[in-house]
Amino acid sequence: MSGSDDTPSGYTYAAAGVDIDAGNALVKAIGPAVRSTERPGVMGSIGGFGGLFDLAAACYTSPLLVAATDGVGTKLRVAIEAKTFDTVGIDLVAMCVNDLVVQGAEPLFFLDYYACGKLDVEAATAVVAGIAEGCRQAGSALIGGETAEMPGMYGGDDFDLAGFSVGAVERDAVLPRATLAVGDVVLGLTSSGVHSNGYSLVRRLVADHGLDWQAPAPFDAEQSLARALLTPTRIYVKPLIAALKATGDAIKALAHITGGGLTENLPRVLPDELAARIDLATVPALPVFGWLAELGKIDENELLRTFNCGIGMTVVVAADRADEVAAMLGEAGETVVRLGTLEPRDSDAVVYDNHLTLGGAA
């Protein structure tokens, strides 16, 4: 039956909440950012049904492909509530490419997935610009993605992000190496902040204490609380790839310190018979971690299992090459600390000496 007063004469996709024109405007707006990430191997342009990459052009001899996927987690909620969208794209790339490099792989290309209830072209453009910046930092090409406008699935200004990265590593250069041994040195590369893990706890503390995202951060009065907590995840790819190529088999393992902290992530690259003994006095805990610990009365063990606590990447290296590798990474812009050594495992895979040095609010 048709023509009744309460029935539209003609439905449209736009009236149902999906604006195809907005999607087209986004593709046009992000074009320059996407093109800025091109590298050898990229074929075609964004807008097709799939992204093309010529592996032969990347000059590998006997490569293995390595793939990783991740999101930003509830850090995205901070960005949405603060209406600050220029950094979470960097986080999205970082969480994927840092996972690739720990296997010795160079990130080749990246794709993103942006899902929302109603597409805000300006906000989405800022997010993709951040993704492009992350790709440039990692030397990875942004070769495609998907924007999904799904009214009824997401409310208000909510959106979600996911990323997918593919890298390559020569067959004989896969990490961790089987040569890991007692006496190997564990180096740490410092983090830029909380990175992209633990934000459910961070947000709970902010909410329970009635804090304002736009007020000065208690641990950094020069920034708002939101801006300080949105400091993007550090991308370690280029210095590590350069060091891997320059030092041969000196670097034996890498571990990306994400959710679970040092306690849960270091064991992922160690054989069952080895443990890492870490001197917590050497960990340069940033003020944000002291503030979180104080605000939430967080036990040190809980802090170490939730946050990176100041170390975003660990590098396990042969003892006689440790100074060489540390110097190379330092010259590439990383802050390197000597965290400890590998020893025979008794029970725990990570054994801590001393305690974190934590400061409270500034």
Side-chain angles (χ1 to χ4, degrees), residues 1-34 37 45-51 68-96 109-135 142-165 196-197 199-200 202-204 206-207 212-214 226-227 229-230 232-233:
M1 184 173 181
S2 62
S4 63
D5 292 341
D6 59 352
T7 304
S9 58
Y11 286 91
T12 66
Y13 209 7
V18 179
D19 189 342
I20 294 175
D21 291 335
N24 291 336
L26 176 61
V27 172
K28 183 176 181 179
I30 65 177
V34 173
T37 70
S45 59
I46 196 167
F49 288 96
T69 186
D70 211 332
V72 179
T74 58
K75 186 175 187 177
L76 198 56
R77 172 54 55 189
V78 181
I80 292 169
E81 293 180 5
K83 297 188 183 302
T84 303
F85 306 113
D86 58 334
T87 59
V88 287
I90 300 174
D91 288 300
L92 182 66
V93 175
M95 296 305 289
C96 294
F109 58 83
F110 188 88
L111 298 97
D112 68 280
Y113 177 76
Y114 182 105
C116 59
K118 181 173 177 57
L119 182 60
D120 180 332
V121 174
E122 184 177 354
T125 300
V127 170
V128 176
I131 292 171
E133 171 59 24
C135 285
L142 177 58
I143 66 169
E146 172 70 9
T147 302
E149 197 172 18
M150 298 186 289
M153 288 291 289
Y154 298 89
D157 297 327
D158 287 357
F159 66 94
D160 200 8
L161 290 175
F164 179 82
S165 186
S196 298
N197 301 100
Y199 278 84
S200 293
V202 172
R203 290 174 46 249
R204 175 68 180 270
V206 170
D212 182 353
W213 289 120
Q214 300 307 329
R227 176 58 77 178
L229 288 172
L230 287 170
T233 306

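What you see is a predicted model, and the numbers here were worked out from it, not measured in a lab.
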For a side-chain contact (heavy atoms from CB on, under 4.5 Å) check, start with the C-alpha distance between Y114 and V128, then their side-chain angles and the critical distance, and finish with the verdict. CA-CA 9 Å; Y114 182 105; V128 176; 5.5 Å; no
Check the pair F159, V127 against side-chain contact (heavy atoms from CB on, under 4.5 Å), reporting the backbone distance first and the verdict last. CA-CA 11 Å; F159 66 94; V127 170; 4.0 Å; yes
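Note that CG of D112 and OG of S165 are 11.5 Å apart. Values are rounded to the nearest 0.5 Å. Separation of atoms CG (L142) and CG (L111) is listed at 7.0 Å; rounding is to 0.5 Å. Within the model, atoms CZ of R77 and CG of D158 stand 4.0 Å from one another, a figure rounded to the nearest 0.5 Å. A distance of 10.5 Å separates CG in L161 from OH in Y113, rounded to the nearest 0.5 Å.
Using a distance-only test at 3.5 Å, with no hydrogens or angles considered, no donor-acceptor pair links the side chain of T87 to the main chain of P232. Side-chain N or O atoms of Y199 include one that pairs as donor or acceptor with a backbone N or O of L229 at under 3.5 Å. Side-chain atoms of D91 come within 3.5 Å of backbone N or O of T233 as a donor-acceptor pair.
Taking all atoms of both residues into account, the shortest heavy-atom contact from M95 to S196 is SD-CB, 3.6 Å. Residue G163 comes nearest to F110 through the heavy atom pair CA-CZ, 3.7 Å, listed as atom of the first residue, atom of the second, then distance. Minimum heavy-atom separation, T74 to R203: O-CD, 3.4 Å. In terms of heavy atoms, V18 sits closest to P151 at CG2-CD, 3.8 Å.
Not a single salt bridge (Lys or Arg N to Asp or Glu O under 4.0 Å) links D19 to another residue, sequence neighbours left out. Partners of T84 under the side chain to side chain contact (heavy atoms under 4.5 Å, CB included) rule, at least two apart in sequence or in another chain, are A82, D86, R227, L230.
The environment of CD in E81 is crowded: more than 12 heavy-atom neighbours from other residues, nucleotides or ligands sit within 6.0 Å. No more than 12 heavy atoms of other residues, nucleotides or ligands sit less than 6.0 Å from atom CG of D157.
Each of V78, I80, L76 was checked for a side chain to side chain contact (heavy atoms under 4.5 Å, CB included) with V88, and the lone residue meeting it is L76.
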